[in-house]
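None of these values were measured; they are calculated from a predicted model. Sequence lines set the chain letters: A, B, ... in the order given, protein chains first and strands last, and positions in each chain run from 1.
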Protein chains: 2
Amino acid sequence: MLIILDEETLLKAVGDRNVVKKQNATIYDVANRVGVSLATVSRVVNGNKNVRDSTKEKVLKAIDELGYQPNAVARGLASKKSTTIGIVMPDVTNLYYAELTRGINDVANMYHYDVLLTNTDDDPVRDVLAINSLESKQVDGIIFMGNELDQGVRKTIDALNIPVVLAGCVDAQQKLPSVNIDYIDAFYEITASLLRHGHENVALVMGSLDEAINRDYRLAGYTKALNEVGRQVDEKLLFTTGRDYQKTLELAPKVVASGATAMIVYDDVVAVALLNYLHDHHFDLPGQMELVTSNDTNYSIISRPQLTSIAQPKYDIGAVAMRMLTKLMNNEDLKEQAVKLPHTIVQRQTTHELN
Amino acid sequence: MLIILDEETLLKAVGDRNVVKKQNATIYDVANRVGVSLATVSRVVNGNKNVRDSTKEKVLKAIDELGYQPNAVARGLASKKSTTIGIVMPDVTNLYYAELTRGINDVANMYHYDVLLTNTDDDPVRDVLAINSLESKQVDGIIFMGNELDQGVRKTIDALNIPVVLAGCVDAQQKLPSVNIDYIDAFYEITASLLRHGHENVALVMGSLDEAINRDYRLAGYTKALNEVGRQVDEKLLFTTGRDYQKTLELAPKVVASGATAMIVYDDVVAVALLNYLHDHHFDLPGQMELVTSNDTNYSIISRPQLTSIAQPKYDIGAVAMRMLTKLMNNEDLKEQAVKLPHTIVQRQTTHELN
DNA sequence: ATGAAAGCGCTAACAT
DNA sequence: ATGTTAGCGCTTTCAT
């Protein structure tokens, strides 16, 4: 005769609760122990009002005794909600994205979402793969970060049945909800400031001009400031490079050779490489060269001299993006589609007094 | 009469495929379209050999036409595998942990796992909460990083039915699989080196002595080197602080006041704060003060002078930990429980020649 | 206030 | 080689 032991009996038989891994109890076990139906247990777990206080207590007690934890996967299948969101980003080890991620994570946890994280190294193919994978995992929403909204990525997102919010990533077509600073404004302001210092040659160091954020935003702001004082963009002062310390070190002499006496840089890692090149070649900053960076990560405080920077509320960009996503996942309307958070210019040691 | 349209008919009726979001096809839809059973479709999706080539092709074709993507949640419920792992870590914005995370992520993706990420800010309570949450999401394994394996965390992990690997986190009790450098050795070596330079007072700056990694590893290595030359630890030269730039700036004068002429620091953010304090107070490094840091993140290259550092193979620690986890999830045995990856000492500008 | 029962989309025996 | 069927653990109508 086959004897089937239930968990409790088994534990007693073994004598020591700690020897046996707890065999995860199901909602069924809880219902059985209390003598109610699954539905009732489900109701108390989900905070449904329609449960008598006395039974609710009994259920809660049983849950505690059994160490019952709802199985989120089963719940997800039944409810079609996974309480999980996905992040698609270039690289966690880039401080800028790491800070955005932190903001996203904190707000996500606040709303009891877990976060699936994927690094795609700015590769559009991997972006698409990542989004598809997240979709198959039934995430309730996605936050997309990255330099560029590639055509394929856009199509993939359009075909999705779940909301997507861009963070630190512009949508030139203004279709997807996004959170950023006003890049045009920021680059306009800082260029204008530098121009007022009397520079003839202000270099702009950014990412690929194939990307809208460089072409239509950073460069646009820079151009606007130049045009305003009746000047044209000199292509010799435009430089593009990836977010790589070593590669930028190689670019540095070219920037210097361009005759620039001031430079505006789009990423802190790049700016620090430039700074260190100048430092190691005994340049006087800001005397011989003024330098402004863009993201105000720890790098700009840690470097010597400290970097003057366009400051983005990085954590907040992530946090606000996630907050917007929760609304979308809740089918609420958004007040604004393209949120622009305020930026500032933090004056440090690589520029003269800015105004 | 009610007419129920299938997706295809609907799309044709609408006329433009792009107007309608694709209603996710199920395995059932695929089976129907081909005229086979669910099981057959499931087999081709899962690469089961028992399918005739011709039917396999037909199924593949239908999958393509329908844009079918398996529902990972349903699959997870049925198979009891989520192909998802969890990471519990202090803070993504700390470069050290970010690099480990990157290593974990890359190997995870290589094995087709997705990664759920939680920041717990070194709070044991949040560690436990995070682990429980991951468990309810049915992750197949967990990688735990952090300063300390708190008692509660340990109990929670012990009660788990899924494998856990520690990365950049020591288990003083040697029970859980882990990947680290040999901290004792590393701190012994660097202390001995500095002692050979003739220093009377070598300060050690680390995290809380309540944590085993500081007490039993970093301090132990330091002590060993001192003892070896017949000296005792002077408590006045021991400093503890969190990984915070500003707070360390406040600690800096105390370290200087201790009379130390050399210091060994456990974290790069902390080391950079100390360095900048010294720099801003016109100390000559390494002339008046030698300084060694521990993690060899970007900070040590970016700072001026560049920091001499104990170098950890951070990415590899993450990668190896994840590789071990895949084995455990696959019920394979581990050759070693406590893997120690080789460290090096990278000589830069804050120390004299090391030997 | 509570229960019964039908799925959610899939995997995995088992049968053929 | 393919189909049938019974779950996986839960939510959610619909009854009562």
Asker: Looking at D/dT11, I'd like to know if its phosphate oxygens (OP1 or OP2) sit under 4.0 Å from a side-chain N or O belonging to A/Asn46.
Answerer: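 Indeed, a polar side-chain atom of A/Asn46 lies that close.
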
Asker: Apply salt bridge (charged side-chain N to carboxylate O under 4.0 Å, His left out) to A/Lys327 and A/Asp333, showing your working.
Answerer: CA-CA 7 Å; A/Lys327 288 193 181 170; A/Asp333 282 337; over 6 Å; no

Asker: Between B/Asp106 and B/Arg102, is there a side-chain N and carboxylate O pair less than 4.0 Å apart?
Answerer: yes

Asker: Can you tell me how far P of D/dG9 sits from NZ of B/Lys137, to the nearest Å?
Answerer: 18 Å

Asker: Base, sugar-phosphate, or nothing: which does A/Val36 touch, judged by heavy atoms less than 4.0 Å apart?
Answerer: sugar-phosphate

Asker: Does A/Thr40 put a side-chain nitrogen or oxygen below 4.0 Å from OP1 or OP2 of C/dT2?
Answerer: no

Asker: The side chain of A/Thr26 lies closest to which of these nucleotides: C/dT11, D/dC10, D/dA1?
Answerer: D/dC10

Asker: Relative to the 5' end of DNA chain D, which residue comes earlier, B/Asn48 or A/Pro70, by the nucleotide with the nearest heavy atom?
Answerer: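 Looking at DNA chain D, the more 5' nearest nucleotide goes with B/Asn48.
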
Asker: A/Tyr28 side chain N/O closer than 4.0 Å to the phosphate oxygens (OP1, OP2) of D/dG7?
Answerer: no

Asker: Give the rounded distance in Å between these two atoms: CG of A/Asn24 and C1' of D/dC10.
Answerer: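 It works out to 14 Å between those atoms.
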
Asker: Please determine if a side-chain N or O atom of A/Thr55 lies less than 4.0 Å away from the OP1 or OP2 oxygen of C/dT2.
Answerer: yes

Asker: Name the residue closer to the 5' end of DNA chain D, choosing between A/Arg43 and B/Ala78 according to the nucleotide with the nearest heavy atom.
Answerer: B/Ala78

Asker: Starting at atom CD of A/Glu57, determine the distance to atom C1' of C/dA1, rounded to an integer number of angstrom.
Answerer: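 Rounded to whole Å, this separation is 16 Å.
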
Asker: Between A/Asn50 (CG) and C/dG3 (P), how many Å, whole number?
Answerer: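 Atom CG in A/Asn50 sits about 13 Å away from atom P in C/dG3.
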
Asker: Does A/Ser37 make a side-chain N or O approach to OP1 or OP2 of C/dG3 shorter than 4.0 Å?
Answerer: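 So the side chain of A/Ser37 is within the cut-off, an N or O lying under 4.0 Å from OP1 or OP2 of C/dG3.
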
Asker: Which nucleotide in the list C/dC10, D/dT4, C/dG9 gets nearest to the side chain of A/Lys80?
Answerer: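 Of all the options, the side chain of A/Lys80 is nearest to C/dG9.
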
Asker: Return the value, rounded to whole Å, for the distance between atom CG of B/Leu38 and atom P of C/dA12.
Answerer: 14 Å

Asker: Can you find a side-chain donor-acceptor pair between A/Lys137 and B/Thr83 that sits under 3.5 Å?
Answerer: yes

Asker: Is it true that A/Asn132 and A/Thr156 share a donor-acceptor pair across their side chains at a distance under 3.5 Å?
Answerer: no

Asker: Roughly how many Å is it from CG in B/Asn32 to P in C/dG9, rounded to a whole number?
Answerer: 14 Å

Asker: Counting only side-chain N and O atoms of B/Arg75, is one of them less than 4.0 Å from OP1 or OP2 of C/dT11?
Answerer: yes

Asker: How close or far is atom P of C/dA12 from atom NZ of B/Lys81, stated in whole angstroms?
Answerer: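 Atom NZ in B/Lys81 sits about 9 Å away from atom P in C/dA12.
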
Asker: With respect to the phosphate group of D/dG9, does any side-chain polar atom (N or O) of A/Asn71 fall under 4.0 Å of OP1 or OP2?
Answerer: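 For D/dG9, neither OP1 nor OP2 has a side-chain N or O of A/Asn71 closer than 4.0 Å.
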
Asker: As a test of reading the structure: which of D/dG9, C/dG3, C/dC10 is closest to the side chain of B/Leu77, going by heavy atoms?
Answerer: D/dG9

Asker: So, does A/Ser42 get its side chain near the phosphate of D/dC10, meaning an N or O under 4.0 Å from OP1 or OP2?
Answerer: no

Asker: Determine whether the side chains of A/Asp127 and A/Thr120 contain a donor N or O and an acceptor N or O closer than 3.5 Å.
Answerer: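 On atom types as modelled, these side chains qualify, holding a pair under 3.5 Å.
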
Asker: Can you tell me the distance, in whole Å, between the CD atom of B/Gln69 and the C1' atom of C/dC10?
Answerer: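 Going from B/Gln69 (CD) to C/dC10 (C1'), I get 15 Å.
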
Asker: Looking only at side-chain atoms of B/Ala39, point me to the closest of D/dG3, D/dT11, C/dT11.
Answerer: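 So the nucleotide nearest the side chain must be D/dG3.
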
Asker: Report yes or no: do A/Asn46 and A/Ser42 form a side-chain donor-acceptor pair below 3.5 Å?
Answerer: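 Present: a donor and an acceptor within the cut-off.
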
